[in-house]
Trainee: 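Please see the structure below; I have some questions.
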Amino acid sequence: MIVRPRPWLDLRGGVVIAQSTADFVDPYHAGALGSFSNYDGGDSRRRDLGVELDLGFMTRIAFKQGTTIENRRRGRRLLPQATPSTTRTASRSTSTSRI
């Protein structure tokens, strides 16, 4: 979703729900250990992988000569599906500037 409260400002946000279409099996556990579990050691039949939250904003400064400077900032937070062996969260933050 993008909201533009001012002509020079965009606010962005979104949610991604991750699910697999088949059983999620770790190939190492299946081949080497004979265990059909997922990467975190949980039940491979659980197809919910987690939720990702995305937030960001973009500002623009326009000059009379036709040049525009854009500044963007984005942040993401992955909230993986909890399994008995883990409750970790991973995050990734990026930033870009364009002329």
Side-chain angles (χ1 to χ4, degrees):
M1 176 173 69
I2 300 174
V3 178
R4 185 174 281 176
R6 303 270 187 230
W8 51 269
L9 176 64
D10 288 353
L11 302 175
R12 300 167 183 234
V15 175
V16 177
I17 299 171
Q19 293 182 328
S20 70
T21 57
D23 291 349
F24 190 59
V25 177
D26 179 5
Y28 172 74
H29 281 271
L33 305 176
S35 166
F36 293 100
S37 60
N38 64 22
Y39 288 96
D40 291 326
D43 186 1
S44 65
R45 294 171 294 176
R46 294 187 66 179
R47 296 183 179 182
D48 293 330
L49 301 176
V51 176
E52 179 180 295
L53 304 174
D54 299 326
L55 297 172
F57 68 90
M58 182 174 73
T59 58
R60 287 176 296 287
I61 301 171
F63 296 99
K64 291 181 183 179
Q65 299 87 356
T67 303
T68 302
I69 296 176
E70 295 180 354
N71 184 22
R72 301 176 188 210
R73 298 286 184 253
R74 295 187 321 189
R76 298 180 185 134
R77 181 62 136 180
L78 175 63
L79 306 169
Q81 180 68 31
T83 62
S85 65
T86 183
T87 56
R88 293 177 294 175
T89 60
S91 66
R92 180 178 175 210
S93 179
T94 61
S95 65
T96 59
S97 295
R98 277 188 355 186
I99 296 179

Trainee: Could I get the full list of side-chain hydrogen bond (donor to acceptor under 3.5 Å, both in side chains) partners for R12, not counting sequence neighbours?
Mentor: none
Trainee: Which residue pairs pass the side chain to side chain donor-acceptor pair (under 3.5 Å) test with at least one member in residues 51-62, sequence neighbours excluded?
Mentor: D10-R60
Trainee: Are W8 and L11 connected in the hydrophobic side-chain network, where two residues link if heavy atoms are under 4.5 Å apart?
Mentor: yes
Trainee: Please list, chain by chain and in numerical order, all residues satisfying side chain to side chain contact (heavy atoms under 4.5 Å, CB included) with P7, sequence neighbours excluded.
Mentor: none
Trainee: From M58 CE over to L9 CG, what is the distance, rounded to the nearest 0.5 angstrom?
Mentor: 9.0 Å
Trainee: State plainly whether one hydrophobic cluster holds both L79 and V15, where clusters connect Ile, Leu, Val, Met, Phe, Trp and Tyr through side-chain heavy atoms under 4.5 angstrom apart.
Mentor: yes
Trainee: Just how far is it from atom CZ of R4 to atom CD1 of I2, taken to the nearest 0.5 Å?
Mentor: 8.0 Å
